[in-house]
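Below is one structure; the comments refer to it alone.
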Amino acid sequence: MAAAAAGEAGEAELGLLECRVCFEPYGPGGQRRPRNLPCGHVLCRGCLSALGGRGRLECPFCRRVCGPADTSDCLPLLQLLEVLGPACGILPAAGSGAPALRLALGGWGALVNPTGVAACPKSGRLAVAHDGKKRIHVYGPSGSCLQRFGERGEAGCDVKYPLDVAVTADGHVVVSDGGDRAVKAFDWEGRGVLAVREGFCLPWGLDATPESDVILADAEAGVLYRLTADFGKGELKKCQVLRAKLSSPRAVAVCRSSGAVVVVEHLKARGPKGSSTRIKIFSADMDLVGQMDSFGLNLFFPSKIYTTAVAFDKEGRIVVTDVCSQAVICLGKPGEFPVFNPLISHGLSYPIGLTYTADNSLVVLDSGDHTVKIYSST
């Protein structure tokens, strides 16, 4: 049975990493680069070119018609390809007190290659960013979809390609739009209230402070910003550089109790071993209090850790996703970092987002099967 399970896992991984038309493996560039269709199916650039004659492209799976200009890069798959260089290990099973899966939302068709998830600290609603026609889906605590908004388009508050989402304490949904190099805020009804364009290069991860400020990582510029705004009036008050000269910062999280900030940097590949990540922890005053890269973590832990998402739990512990072992791991509080406590060690395929609800339920965004998975402590 173990051999059969391993074979099935290998086939699933192969299917995820190859074009289902030409059955060639995806690559980071050229004709093998993975591209999203508006329906959510993914093909390589070469097959899109072959199928999209005369400006008309018909999906070979669902027959939905679109134009070549309606396609976009499949960033989750490109990130997965980025990870393939490191040798990945198997994580020990989570302990007996690990959270148990309570609810799964979305799935193929409901969500299309989701990229970010955030929880409202008051209402318990979840905002999910994905590549569908309506870029933001809002789910209630029971799992029902309450709202869809954030049109794909060129208008001021339309969203081209969302990379992350945050929910402020005053009840606004804030989205980093990598396609438009902007940060855009909406109310819960989906009305655009503010679009911030301050010369960002590639706004990526973001999180909200208890004061409703937004901490934003610009992955291309290597800068961490604090945005202060009156979202109700649609006014940006201040855009402050907190840290510069970071290495491709993507995921970011703010501790609600201490104000500490944790950032995940993606380090450039050097040689055949592929890319790696580094976790940096800053105090509320933005003093560096700790850091650890994949190599350093590997000295402590039994597997190579490649982090794509980070969050603080209600106790102020740092929790990360690891796409190498398809797991969620607690690394402890900043003062004791790093410890090693696997929270979820099975049932995930490509965890790319992470947040906690007000009742301390753990929310994992699994882009591999297009779902949001909610875990509660047993």
**OP:** List the steps, then state whether side-chain contact (heavy atoms from CB on, under 4.5 Å) holds for Leu362 with Leu354.
**Re:** CA-CA 8 Å; Leu362 173 60; Leu354 199 62; 3.6 Å; yes
Subject >> Minimum-distance pair of heavy atoms, taken over all atoms of Pro203 and Leu163 >> reply: O-CD1, 3.5 Å
Original post:
Are any side-chain N or O atoms of Thr321 and backbone N or O atoms of Ala309, one a donor and one an acceptor, separated by less than 3.5 Å?
Top reply: yes
**OP:** Could you tell me whether Asp73 and Arg35 make a salt bridge, using a distance below 4.0 angstrom between a side-chain N and a carboxylate O?
**Re:** yes
Original post:
Any donor-acceptor pair under 3.5 Å linking the side chain of Ser176 with the backbone of Asp164?
Top reply: yes
**OP:** With sequence neighbours left out, write down each residue that passes side chain to side chain contact (heavy atoms under 4.5 Å, CB included) with Asp359, or none if nothing qualifies.
**Re:** Thr357, Ser361
Original post:
Is it true that the side chains of Ser349 and Asp366 contain a donor and an acceptor less than 3.5 Å apart?
Top reply: yes
Original post:
Do Glu151 and Lys134 sit within salt-bridge range, that is, some charged N less than 4.0 Å from a carboxylate O?
Top reply: yes
Original post:
Any donor and acceptor pair, going by atom type alone, linking the side chain of Asp322 with main-chain N or O of Tyr306 inside 3.5 Å?
Top reply: yes
Subject >> Minimal non-hydrogen separation, Leu37 against Cys66, with atom names >> reply: CD2-SG, 4.4 Å
**OP:** Answer with yes or no whether the hydrophobic clustering places Leu227 together with Leu202; edges join I, L, V, M, F, W, Y residues whose side-chain heavy atoms lie under 4.5 Å apart.
**Re:** no
Original post:
So, Asp180 and Arg197, do they make that salt bridge, N to O below 4.0 Å?
Top reply: yes
Subject >> Single-linkage hydrophobic cluster, 4.5 Å side-chain cutoff, Leu216 and Leu246 together >> reply: no
**OP:** Evaluate side-chain contact (heavy atoms from CB on, under 4.5 Å) for Lys160 paired with Glu154, printing each intermediate quantity in order.
**Re:** CA-CA 7 Å; Lys160 290 186 177 180; Glu154 302 292 330; 3.0 Å; yes
Original post:
With no hydrogens and no angle check, is any side-chain donor or acceptor of Thr308 less than 3.5 Å from a backbone partner on Pro351?
Top reply: yes
Subject >> Electrostatic pair Arg181-Asp177, nearest N-O below 4.0 angstrom >> reply: no
Original post:
Just by distance, do the side chain of Lys237 and the backbone of Asp230 share a donor-acceptor pair under 3.5 Å?
Top reply: no
**OP:** Could you check Val159 against Phe186 for side-chain contact (heavy atoms from CB on, under 4.5 Å), going step by step and ending with a plain yes or no?
**Re:** CA-CA 11 Å; Val159 181; Phe186 302 84; 3.8 Å; yes
Original post:
Can any side-chain N or O of Ser283 pair as donor or acceptor with the backbone N or O of Asp285 at less than 3.5 Å?
Top reply: yes
Subject >> Any donor-acceptor pair under 3.5 Å from Lys373 side chain to Gly347 backbone >> reply: yes
Tell me which donor-acceptor pairs under 3.5 Å the side chains of residues 109-117 have, and how far apart each pair is, sequence neighbours excluded?
unit_1: Asn113; atom_1: ND2; unit_2: Asn36; atom_2: OD1; d: 2.5
unit_1: Thr115; atom_1: OG1; unit_2: Pro162; atom_2: O; d: 2.8

**OP:** Determine, step by step, whether Lys133 and Asp70 satisfy the salt bridge (Lys or Arg N to Asp or Glu O under 4.0 Å) criterion, reporting the C-alpha distance in whole Å, the side-chain angles of both residues, the deciding distance to 0.1 Å, and the verdict.
**Re:** CA-CA 10 Å; Lys133 184 176 180 181; Asp70 296 327; over 6 Å; no
Subject >> Ala169 to Ser212 - nearest heavy-atom pair and separation >> reply: N-OG, 3.3 Å
Original post:
What are the two closest heavy atoms between Pro99 and Tyr375, and how far apart are they?
Top reply: CB-CB, 3.7 Å
**OP:** Please report the shortest heavy-atom distance between Ala221 and Asp218, naming the atom on each side.
**Re:** N-OD1, 3.1 Å
Original post:
Is the backbone N or O of Val138 less than 3.5 Å from a side-chain atom of Arg125, with the two atoms forming a donor-acceptor pair by type?
Top reply: no
Original post:
Passes side-chain contact (heavy atoms from CB on, under 4.5 Å), Glu220 versus Trp204? Steps please.
Top reply: CA-CA 9 Å; Glu220 190 172 306; Trp204 200 299; over 6 Å; no
